[in-house]
Amino acid sequence: MEFRQVRYFLAVCDHMSFTRAAEACSVSQPALSVAIQKLEDELGGPLFLREGRGLLLTELGKAMRTHLGRLEETRQVAKRAARSIVDREMEMIDVGVMCTVGSRRIGRAIARWSQASGGVELLLHDVWGERAQELLLSGVLDCAIIGRTAPLSDRFLSTPLFDEPFKLVMASGHPLASASSLTMASLDGRAYVDRLRCEFRETFFDVLADRKLEVDLVMRSEREDWIQTAIAAGHGVTIAPCEMLLSEGVVARPIEDLQVSRHVEIVTVRGRPRSAPLERFLAFLGDFDWSNPTEQTPIEPTQTEQPPG
């Protein structure tokens with residue numbers, strides 16, 4: 001198996017078109033097709049099925065997309081490591097940021113870091129809980145900013161950043177948005193949008209079952225932007241960390257008999273050597289003032305920028 005074949009296969013997965021994948025990889029379509037065929041021969045089965053003018057992944061293709069995607073991530077990490085050794089002037093930190101962690105506080109911290117870092121580049125990866133831990137252990141990530149409601153394995157070290165409560169999220173015009181108080185019973189029979197990557201998801205449904213309550217599942221998704229779009233359109237409610245709200249017309253309300261928060265932390269692998277830039281970044285986040293998630297602190301112009309006026 002060649003890295004070239006892996007890259008071509010992942011390009012076809014991304015574009016679901018041999019023609020567009022070949023254009024993205026700057027190769028001819030016949031050359032890409034031959035490489036995919038050789039990969040299929042080596043793996044022992046077809047990776048794609050044709051459906052009309054489109055493509056579908058086979059079961060083998062779906063599995064290989066996961067495994068070969070990780071291989072490609074590792075290859076990219078190796079390339080960056082080699083580049084940093086050859087060119088010491090370029091420094092980079094691979095940071096996983098859990099997709100459900102609200103961007104307001106994190107964005108403010110990263111903006112401040114860019115001023116204080118002395119040119120150290122951050123490469124941000126969109127991750128979720130279990131995947132973040134896998135990428136940390138494999139070395140793809142140097143650190144990860146995650147939210148959790150359960151203890152971490154002792155293979156990791158963590159520094160707490162802030163706590164974030166879960167609330168009921170709904171459209172501003174939803175009947176529950178104007179209620180003076182909400183309880184779990186308020187959800188009984190309500191249309192519910194299921195956030196599949198929520199770390200509190202299983203606990204929430206266990207609480208519903210214990211209290212003999214049911215919700216009407218109208219949508220499930222791993223995509224937080226799709227979830228919020230559906231919520232804003234009035235298609236249901238969901239439980240979510242209160243600071244991840246991005247869509248206009250979406251509000252969060254506390255549930256009096258469901259007081260639960262998650263810990264947002266910066267996590268590294270215990271015992272693994274750290275670069276000097278990573279040590280500085282971890283110290284910076286540990287000392288950062290996380291108290292005001294909505295603060296819009298102005299950014300001072302750098303030496304290469306001219307202040308307005």
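From a predicted model like this one, the values you see are computed outputs, not experimental measurements.
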Check your understanding: Do L32 and F3 belong together in a cluster built from hydrophobic side chains that touch within less than 4.5 Å?
Key -> yes
Review point. For the side chain of D142 and the backbone of D94, is there at least one donor-acceptor N/O pair under 3.5 Å apart?
Key: yes
Review point. When hydrophobic residues are tied together by side-chain contacts of less than 4.5 Å, even through go-betweens, does L137 share a cluster with V140?
Key: yes
Review point. Would E73 and L135 satisfy side-chain contact (heavy atoms from CB on, under 4.5 Å), going step by step from the backbone distance to the final call?
Key: CA-CA 9 Å; E73 288 177 347; L135 294 176; 3.3 Å; yes
Practice item. Quick one: pull up CG in L10 and NE2 in H15 and give me the separation to the nearest 0.5 Å. Key: 10.5 Å
Review point. Heavy-atom distance under 4.5 Å between the side chains of V260 and F204, does that happen here?
Key: no
Point to revise | Minimum side-chain heavy-atom gap R197-E222 below 4.5 Å | key: yes
Check your understanding: L124 and L278: same hydrophobic cluster, using ILVMFWY side-chain contacts below 4.5 Å?
Key -> yes
Point to revise | Face-on cation placement of R270 at F156 ring, 6.0 Å and 45° thresholds | key: no
Revision key, fill the gap. Shortest non-hydrogen pair, C143 vs I93, comes out as SG-CG2, 4.4 Å
Review point. Is the closest side-chain heavy-atom distance between M92 and V120 below 4.5 Å?
Key: no
Review point. Salt bridge (charged side-chain N to carboxylate O under 4.0 Å, His left out) between E72 and R75: does it pass, once the steps are laid out?
Key: CA-CA 5 Å; E72 176 64 13; R75 185 182 75 87; 2.7 Å; yes
Point to revise | Worked verdict on V237 versus V169 for side-chain contact (heavy atoms from CB on, under 4.5 Å) | key: CA-CA 6 Å; V237 300; V169 178; over 6 Å; no
Review point. What distance separates L161 CG from I106 CD1, expressed to the nearest 0.5 Å?
Key: 6.5 Å
Check your understanding: Taking atom OG of S178 and atom CZ of R253, what is their separation to the nearest 0.5 Å?
Key -> 8.5 Å
Revision key, fill the gap. Taken to the nearest 0.5 Å, the spacing of L282 CG from S158 OG works out to 11.5 Å
Practice item. Can you establish whether the number of heavy atoms outside E279 located under 6.0 Å from its atom CD is more than 12? Key: yes
**Study point:** R195 side chain near P241 side chain, heavy-atom distance below 4.5 Å
**Key:** yes
Review point. Which heavy atom of L187 sits nearest a heavy atom of T183, and at what distance?
Key: CD1-O, 3.8 Å
Exercise for review: Can you see which heavy atom on C13 is nearest to which on L57, and at what distance?
Suggested key: SG-CD2, 3.8 Å
**Study point:** Heavy-atom check, side chain of Y8 versus side chain of L39, under 4.5 Å
**Key:** no
Check your understanding: Any salt bridge between D194 and R201, counting N to O under 4.0 Å?
Key -> yes
Review point. Which pair of heavy atoms, one from A132 and one from I146, lies closest together, and at what distance?
Key: CB-CG2, 3.9 Å
**Study point:** V95 reachable from F288 in the ILVMFWY side-chain graph, under 4.5 Å edges
**Key:** yes
Practice item. Begin with the C-alpha distance, continue with both residues' side-chain angles, and end with the deciding distance and a verdict on side-chain contact (heavy atoms from CB on, under 4.5 Å) for K167 and I239. Key: CA-CA 6 Å; K167 295 185 178 182; I239 293 290; over 6 Å; no
Exercise for review: Indicate, with yes or no, if F284 and L157 share a hydrophobic cluster defined by side-chain heavy-atom contacts under 4.5 Å among Ile, Leu, Val, Met, Phe, Trp and Tyr.
Suggested key: no
Practice item. May I ask you to say whether E23 pairs ionically with R20, meaning some side-chain N is under 4.0 Å from a carboxylate O? Key: no
Exercise for review: Cation-pi check, R105 to F162: give yes when NZ or CZ is under 6.0 Å from the six-membered ring centre and within 45° of the ring axis, no otherwise.
Suggested key: yes
Check your understanding: Under 3.5 Å, side chain of E202 to main-chain N/O of C198, donor-acceptor pair present?
Key -> no
Practice item. Heavy atoms only: give me the nearest G45-L60 pair and the separation to one decimal. Key: O-CD2, 3.5 Å
Practice item. Hey, could you give me the OG1/CG distance between T58 and L49, rounded to the nearest 0.5 Å? Key: 6.0 Å
Practice item. Any chance you could lay out the side-chain contact (heavy atoms from CB on, under 4.5 Å) test for L208 and E214, step after step, and finish with the verdict? Key: CA-CA 6 Å; L208 284 176; E214 293 185 0; over 6 Å; no
Check your understanding: Does a side-chain heavy-atom distance below 4.5 Å link E265 with I145?
Key -> no
**Study point:** Minimum heavy-atom distance between I231 and A171, given as atom pair plus value
**Key:** O-CB, 3.3 Å
Exercise for review: Take atom CD of Q76 as the centre, draw a 6.0 Å sphere, and report whether it contains more than 12 heavy atoms from other residues, nucleotides or ligands.
Suggested key: yes
Review point. CD/Q5 to CD/E40 distance, rounded to the nearest 0.5 angstrom?
Key: 10.5 Å
Exercise for review: Run the salt-bridge test on E134 and R70 with the 4.0 Å N-O cut-off and return the result as yes or no.
Suggested key: yes
**Study point:** Side-chain ion pair, R65 and D14, N-O less than 4.0 Å
**Key:** yes
Exercise for review: Answer yes if the ring centres of F48 and F9 are under 6.0 angstrom apart, and no otherwise.
Suggested key: yes
Review point. Is there a side-chain contact between W113 and L285 (heavy atoms, below 4.5 Å)?
Key: no
Exercise for review: State, without any angle test, whether T19 and Q29 hold a side-chain donor-acceptor pair at a distance under 3.5 Å.
Suggested key: yes
Review point. Would you say L168 and L176 make side-chain contact, with heavy atoms under 4.5 Å?
Key: yes
Check your understanding: Salt bridge between D257 and R211, side-chain N to carboxylate O under 4.0 Å?
Key -> yes
